[in-house]
Q: 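Below is the structure I would like to discuss, written out as structure tokens.
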Amino acid sequence: MEVIWTQLAKITYREVLENLKKRWTKKQLKDFRNLTNELLEKIKSEQVVHPFANKKLGIRKGILHKNVSLFYRESKKENNMHLITFFNNRMNPEVLKTLLKK
């Protein structure tokens, strides 16, 4: 399964990392990157199936860390996964609604 990073996913992932750089050590940042890669591999190999955040749009929500969620859409037909956004769970949920509409 191919992983496709949307522009929004790239931006929000960088924002999460920048925020974490202010609070975490280099080792913790590396661990977070590894968590991200491990989660993507598990999704790709169908070792894990996350619940729908929006079933109508086919958007799933995976918890990456207690403070960060990943929203994505899978296409079995096209054998790919679109990463939509990374979201800091402490942010206003209204912001998430806006992000998911893009």
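Values reported hereafter were calculated over all heavy atoms of this structure, with side chains retained and with hydrogens, waters and symmetry mates removed.
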Q: What distance separates Lys26 NZ from Lys21 NZ, expressed to the nearest 0.5 Å?
A: 9.5 Å
Q: How close do Ser69 and Lys61 get, heavy atom to heavy atom, and via which atoms?
A: OG-CE, 3.2 Å
Q: Taking ILVMFWY side chains as joined if any heavy atoms are under 4.5 angstrom apart, and letting links pass through other members, which residues group with Val68?
A: Met1, Val3, Trp5, Tyr13, Val16, Leu17, Leu20, Trp24, Leu29, Phe32, Leu35, Leu39, Leu40, Ile43, Val48, Leu64, Leu70, Tyr72, Met81, Leu83, Phe86
Q: Any side-chain heavy-atom pair from Gln47 and Glu38 closer than 4.5 angstrom?
A: no
Q: Quick one: pull up CD in Gln7 and NZ in Lys10 and give me the separation to the nearest 0.5 Å.
A: 5.5 Å
Q: Would Leu8 end up clustered with Met91 when hydrophobic side chains under 4.5 Å apart are linked, directly or stepwise?
A: yes
Q: Taking ILVMFWY side chains as joined if any heavy atoms are under 4.5 angstrom apart, and letting links pass through other members, which residues group with Ile4?
A: none
Q: Examine distances only and state if a side-chain atom of Thr6 and a backbone atom of Ile84 form a donor-acceptor pair shorter than 3.5 Å.
A: yes
Q: Roughly how far apart are His82 NE2 and Ile59 CD1, rounded to 0.5 Å?
A: 12.0 Å
Q: Is it the case that the side chain of Arg73 and the backbone of Leu57 share a donor-acceptor pair, with hydrogens and angles ignored and the cut-off at 3.5 Å?
A: yes
Q: Under a 4.5 Å side-chain heavy-atom rule over Ile, Leu, Val, Met, Phe, Trp and Tyr, are Ile11 and Val95 clustered together?
A: no
Q: Would you mind reporting whether Arg60 and Val49 have side-chain heavy atoms less than 4.5 Å apart?
A: yes
Q: I'd like to check Asn67 versus Arg90 (side-chain heavy atoms, cut-off strictly below 4.5 Å). Are they in contact?
A: yes
